[in-house]
Amino acid sequence: MTNIYTLLTENFPADRSQTVLETPEGRTMSYADFEAGSGRIARLLMDCGVQPGDRVAAQIEKSPEALLLYLAVLRCGGVYLPLNTAYKGGEVAYFLGDAEPRVLVCDPQAEGPLTETAKQAGTEVVLTLGGDGAGSLIERSRGLNPDVGVVAREADDLAAILYTSGTTGRSKGAMLSHDNLGSNTLTLRDYWGFTADDVLIHALPIFHTHGLFVATHCVLLSGARMLFLNRFDADTVIDLLPRATAMMGVPTFYTRLLANPRLTKEACAGIRLFVSGSAPLLADTFQEFEARTGHRILERYGMTETTMSTSNPLDGERIAGTVGHPLPGVEARIADEQGNPLPQGEVGILEVKGPNVFKGYWRNPEKTAEEFRPDGFFITGDLATIDARGYVQIVGRSKDLIISGGFNVYPKEVELCIDGIEGVDESAVIGLPHPDFGEAVVAVVKRQHGGPEVTAEAIQESAKAELANFKVPKKVFFVDELPRNTMGKVQKNALRDRFKDSFSSAA
Ligand code: AMP
């Protein structure tokens, strides 16, 4: 396969005047605009010295122009490096120093401080792009000749580097090739039945694999259309539902939609597919959403390093609490710490192999070698089981595994038990340092709004009735909200940090 940009355009509609993107404010762009706009930016980048293989970093708000920039980087054979907009100066300095991009595109307001940071990393060119589409990137590309063609690339050449969220140690750059992205998104388009008739609600950030690759590519590879929101807002999404056929979201999108009384069966009547991923979707949310709208959310699983690996089926049974089967072409197995495959039904570490799996960590061959088995399987670090029908169930991250008094406790099992208690909205179970047990099981609980005032003792009693004693939380803390990142993942590190001294005086 060549440059993924070519693959995308081969699937654009023959009539390029068709709309590809529309914003709630009424802005539209056609496929022709996408080609011309990305061509002009590609010309500017080439004029700025971007050569094939050069990194182009972007820390910018979501906008249609940000997608043009991504496509432009692909067209000149560059490597796109999107950065989470939440990163602060010191963090950006690390990424620039590590990736040494030729060009940085940042928000106009950040230009002053980041220009100095960029210079120190050897990045001479800083361009700007604001959430409103203004900035030097567009000003300087205006009027340039868009007919730049597409730089040829090999299947294994890099298309993007995405830094992982870095919850264990320093964030690492995952190198994704043109073939990684192309093969995975072709598979998803077909697996989820995307066609030119689809209209996708796109409310995800585009610095992450979910919004940038999964959502955007499914649209572009099927000549479809997207309703493009710069951020998720339940009311806006509900307004747009009647005009859409599909939505992709993180679990928080679904819980926020459910909290809105305007979410009804009628509002969702024209939707054929709701997809969820990036964090676990609670079975309760799945069931509540079905009861309210008649739709069974399709849950899939992936990560920055592997793009998408498993999915519930479009036509077969979608099972709550599972992430479905390995996608066509992807192999998945459950193994112990040493990589020995475990019998079906046992909990172990999920390993995956296939054309979706990345090329390794940027300038970090040691870390890359550590995360791969000799037979090419990538060690995801997620704990999972595979049932007799081949459905994969994620039990948690292996680093979140709690070892209390020598016994393994899978947080998910305890969370499921607590979440089932009346008066509990959701919970996060963590391990905290304990003088006797090494680690103690602790539950952090968000009470249900308007529900019965559940107590710590009641939670411990219920857990005791269902679970072995060593799994019962030694302490229960109540919070107003569980801390989550933009992709909806509960930040257990933050919780462990906040409550770390809870047992320091325990006997
Ligand atoms: P990221 O690299 O930011 O995409 O994070 C990947 C991680 O998110 C995975 O390793 C899982 O721990 C988690 N994840 C993604 N999708 C799901 C899902 N459907 N259910 C449970 N965890 C998920």
Side-chain angles (χ1 to χ4, degrees), residues 82-84 86-87 160-169 171-176 180-181 184 188 192 204-215 248-255 274-286 296-313 318-327 330 332 334 347-352 356-358 361 371 378-386 391-401 410-413 415-416 419 426 428 484-493:
L83 293 171
N84 191 326
Y87 286 137
I161 296 178
L162 265 59
Y163 278 83
T164 57
S165 44
T167 42
T168 44
S171 182
K172 306 174 291 288
M175 301 190 288
L176 294 157
N180 287 149
L181 302 180
N184 196 238
L188 293 176
W192 294 340
L204 292 157
I206 51 171
F207 52 72
H208 185 267
T209 191
H210 196 166
L212 184 61
F213 303 137
V214 181
M248 291 184 193
V250 295
T252 357
F253 286 14
Y254 294 101
T255 51
F274 285 103
V275 178
S276 176
S278 294
L281 180 77
L282 296 181
D284 268 1
T285 311
F286 178 96
R296 291 171 75 80
I297 299 170
L298 182 153
E299 185 172 8
R300 94 304 176 277
Y301 157 85
M303 61 195 300
T304 303
E305 289 92 330
T306 64
T307 58
M308 298 305 106
S309 291
T310 76
S311 172
N312 272 282
R318 298 177 199 166
I319 303 183
T322 81
V323 292
H325 303 286
L327 286 164
V330 178
I334 305 295
V347 173
I349 295 174
L350 179 63
E351 300 185 348
V352 297
N356 55 316
V357 175
F358 75 139
Y361 294 110
E371 308 281 326
F378 171 66
I379 307 162
T380 65
D382 285 310
L383 291 166
T385 62
I386 304 184
Y391 283 78
V392 177
Q393 186 177 4
I394 307 290
V395 179
R397 295 285 299 162
S398 60
K399 64 178 169 30
D400 291 334
L401 176 74
Y410 300 107
K412 182 81 177 217
E413 188 188 1
E415 288 161 6
L416 285 174
D419 293 349
E426 56 175 351
R484 286 200 146 83
N485 68 11
T486 30
M487 298 311 295
K489 292 183 221 294
V490 174
Q491 294 171 303
K492 290 198 169 177
N493 274 355

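Note that ligands are numbered from 1 as they come in the structure, with each ligand's atoms numbered from 1 the same way. No experiment lies behind these values; they were computed from the predicted model shown.
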Numbered atoms of ligand 1 (with element) below 4.0 Å of [X], judged on heavy atoms:
X    : result
P280 : 20 (N), 21 (C), 22 (N)
T304 : 1 (P), 2 (O), 3 (O), 4 (O)
V323 : 18 (C), 19 (N), 20 (N)

Using side-chain contact (heavy atoms from CB on, under 4.5 Å) as the criterion, point out the one residue from L212, I161, I206 that pairs with P82. L212
Using non-hydrogen atoms of the residue, decide whether [X] is closer than 4.0 angstrom to ligand 1.
X    : answer
H208 : yes
T164 : no
M487 : no

Give me the one residue out of N356, T306, T307 that meets side chain to side chain donor-acceptor pair (under 3.5 Å) with N184. T307
Would you call the rings of Y391 and H325 parallel, tilted or perpendicular, taking 30° and 60° as the class edges? tilted
Ignoring hydrogens and geometry, is there a side-chain-to-backbone donor-acceptor pair from [X] to [Y] under 3.5 Å?
X    : Y    : value
T164 : K172 : yes
Y254 : V275 : yes
T310 : V323 : yes
N312 : T322 : yes

Nitrogen or oxygen of E305 less than 3.5 angstrom from that of ligand 1: no
Measure from [atom] to every heavy atom in [options] and give the option owning the shortest one.
atom                    : options                : value
atom 15 (C) of ligand 1 : A174, S276, A384, G302 : G302
atom 5 (O) of ligand 1  : Q393, R397, K489       : K489
atom 20 (N) of ligand 1 : K399, H210, E299       : E299

